[in-house]
Engineer: 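I have a structure I would like to understand better, so I am pasting it below and will then ask my questions one at a time.
The figures that follow rest on heavy atoms only: side chains count, while hydrogens, waters and symmetry mates do not.
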Amino acid sequence: QVQVVESGGGLVQAGGSLRLSCTASGLTFDDYAMGWFRQAPGKEREGISCIKWSGDATYYADSVKGRFTISRDNAKNTVYLQMNSLKPEDTAMYYCAAGHYYRAHTMIQRDFDYWGQGTQVTVSS
């Protein structure tokens, strides 16, 4: 069956960096767009970054643009999210998801078929 597993979360001070990884198995990885979502306590889940199956197109929400970078290694079935200049408001559970659709200007949860369990990112001030 399909498994999506995130790693790399943790506690970091404001201004610091973290790199999240997400490995997917049980699917043809390079057929799927890969996305990162996050959900803070009491808030709705937010799509923050997505990368097309070929890796030649990416999307970033305004809240992370210029600070986060998404990339993928199709040979390793892995997608990464490099997070720099972290802020306390980046504190959330971060989820990785795989889907057949890529949208250039937004992310929609229903486009994604497979989800990981999440990895916690906490940014202290």
Side-chain angles (χ1 to χ4, degrees):
Q1 76 271 22
V2 177
Q3 285 192 314
V4 178
V5 180
E6 305 95 336
S7 62
L11 173 64
V12 64
Q13 288 190 331
S17 298
L18 281 175
R19 188 176 83 153
L20 304 184
S21 298
C22 167
T23 300
S25 59
L27 50 71
T28 305
F29 187 74
D30 53 9
D31 281 351
Y32 285 82
M34 297 298 295
W36 287 97
F37 291 78
R38 69 184 181 186
Q39 188 167 19
K43 294 190 176 182
E44 292 188 356
R45 191 171 294 187
E46 171 193 20
I48 57 171
S49 187
C50 186
I51 186 165
K52 205 172 179 181
W53 35 87
S54 54
D56 61 354
T58 56
Y59 162 83
Y60 297 97
D62 288 344
S63 56
V64 305
K65 198 174 293 182
R67 300 187 298 123
F68 290 11
T69 303
I70 192 170
S71 61
R72 65 189 294 160
D73 184 340
N74 286 350
K76 295 183 178 179
N77 282 22
T78 300
V79 61
Y80 305 97
L81 187 68
Q82 178 66 43
M83 306 187 296
N84 298 329
S85 303
L86 283 161
K87 306 175 182 179
E89 51 264 44
D90 293 318
T91 295
M93 185 71 78
Y94 283 69
Y95 298 92
C96 177
H100 281 297
Y101 296 97
Y102 172 81
R103 298 175 190 264
H105 302 295
T106 191
M107 290 175 69
I108 300 176
Q109 292 188 55
R110 67 172 182 267
D111 286 345
F112 293 85
D113 304 308
Y114 303 107
W115 293 78
Q117 294 298 306
T119 186
Q120 178 68 37
V121 172
T122 302
V123 184
S124 63
S125 57

Engineer: Sequence neighbours left out, what passes ring pair (Phe, Tyr, Trp, His ring centres under 6.0 Å) with W53? Give chain and number order.
Structural biologist: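 Expected list: none.
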
Engineer: Could you tell me whether K65 and D62 have a side-chain N and a carboxylate O separated by less than 4.0 Å?
Structural biologist: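 Salt bridge flag = yes for D62 with K65.
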
Engineer: Measure across C50 and A33 and return the closest heavy-atom pair with its distance rounded to 0.1 Å.
Structural biologist: SG-CB, 4.1 Å

Engineer: Check the hydrophobic clustering (I, L, V, M, F, W, Y; side-chain heavy atoms under 4.5 Å; chains of links allowed) and say if V79 and Y94 are grouped together.
Structural biologist: yes

Engineer: Can you tell me which residue among V123, V64, L20 is in a side-chain contact (heavy atoms from CB on, under 4.5 Å) with M83?
Structural biologist: L20

Engineer: Classify the side-chain pair T91/T122 by whether it contains a donor and acceptor separated by less than 3.5 Å.
Structural biologist: no

Engineer: State plainly whether the residues D30 and R72 are in salt-bridge range, i.e. N to O under 4.0 Å.
Structural biologist: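 Result for this pair is no, no salt bridge flagged.
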
Engineer: Please determine whether side chain to side chain contact (heavy atoms under 4.5 Å, CB included) holds for the pair Y59 and M107, giving the CA-CA distance in whole Å, both sets of side-chain angles, and the decisive distance to 0.1 Å.
Structural biologist: CA-CA 8 Å; Y59 162 83; M107 290 175 69; 3.5 Å; yes

Engineer: Are the side chain of E6 and the backbone of C96 linked by a donor-acceptor contact shorter than 3.5 Å?
Structural biologist: yes

Engineer: Under the side chain to side chain contact (heavy atoms under 4.5 Å, CB included) rule, what do Y60 and T69 come out as? Steps first, then yes or no, please.
Structural biologist: CA-CA 8 Å; Y60 297 97; T69 303; 3.8 Å; yes

Engineer: Grab the two heavy atoms, one from K76 and one from T23, that are nearest each other, plus how far apart they are.
Structural biologist: O-CG2, 4.2 Å

Engineer: On the 0 to 90° scale, with breaks at 30° and 60°, tag the F37-W115 ring pair as parallel, tilted or perpendicular.
Structural biologist: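 Rings of F37 and W115: tilted, 30 to 60°.
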
Engineer: Within 45 degrees of the axis of the six-membered ring of Y80 and under 6.0 Å from its centre: does R19 put its NZ or CZ there?
Structural biologist: yes

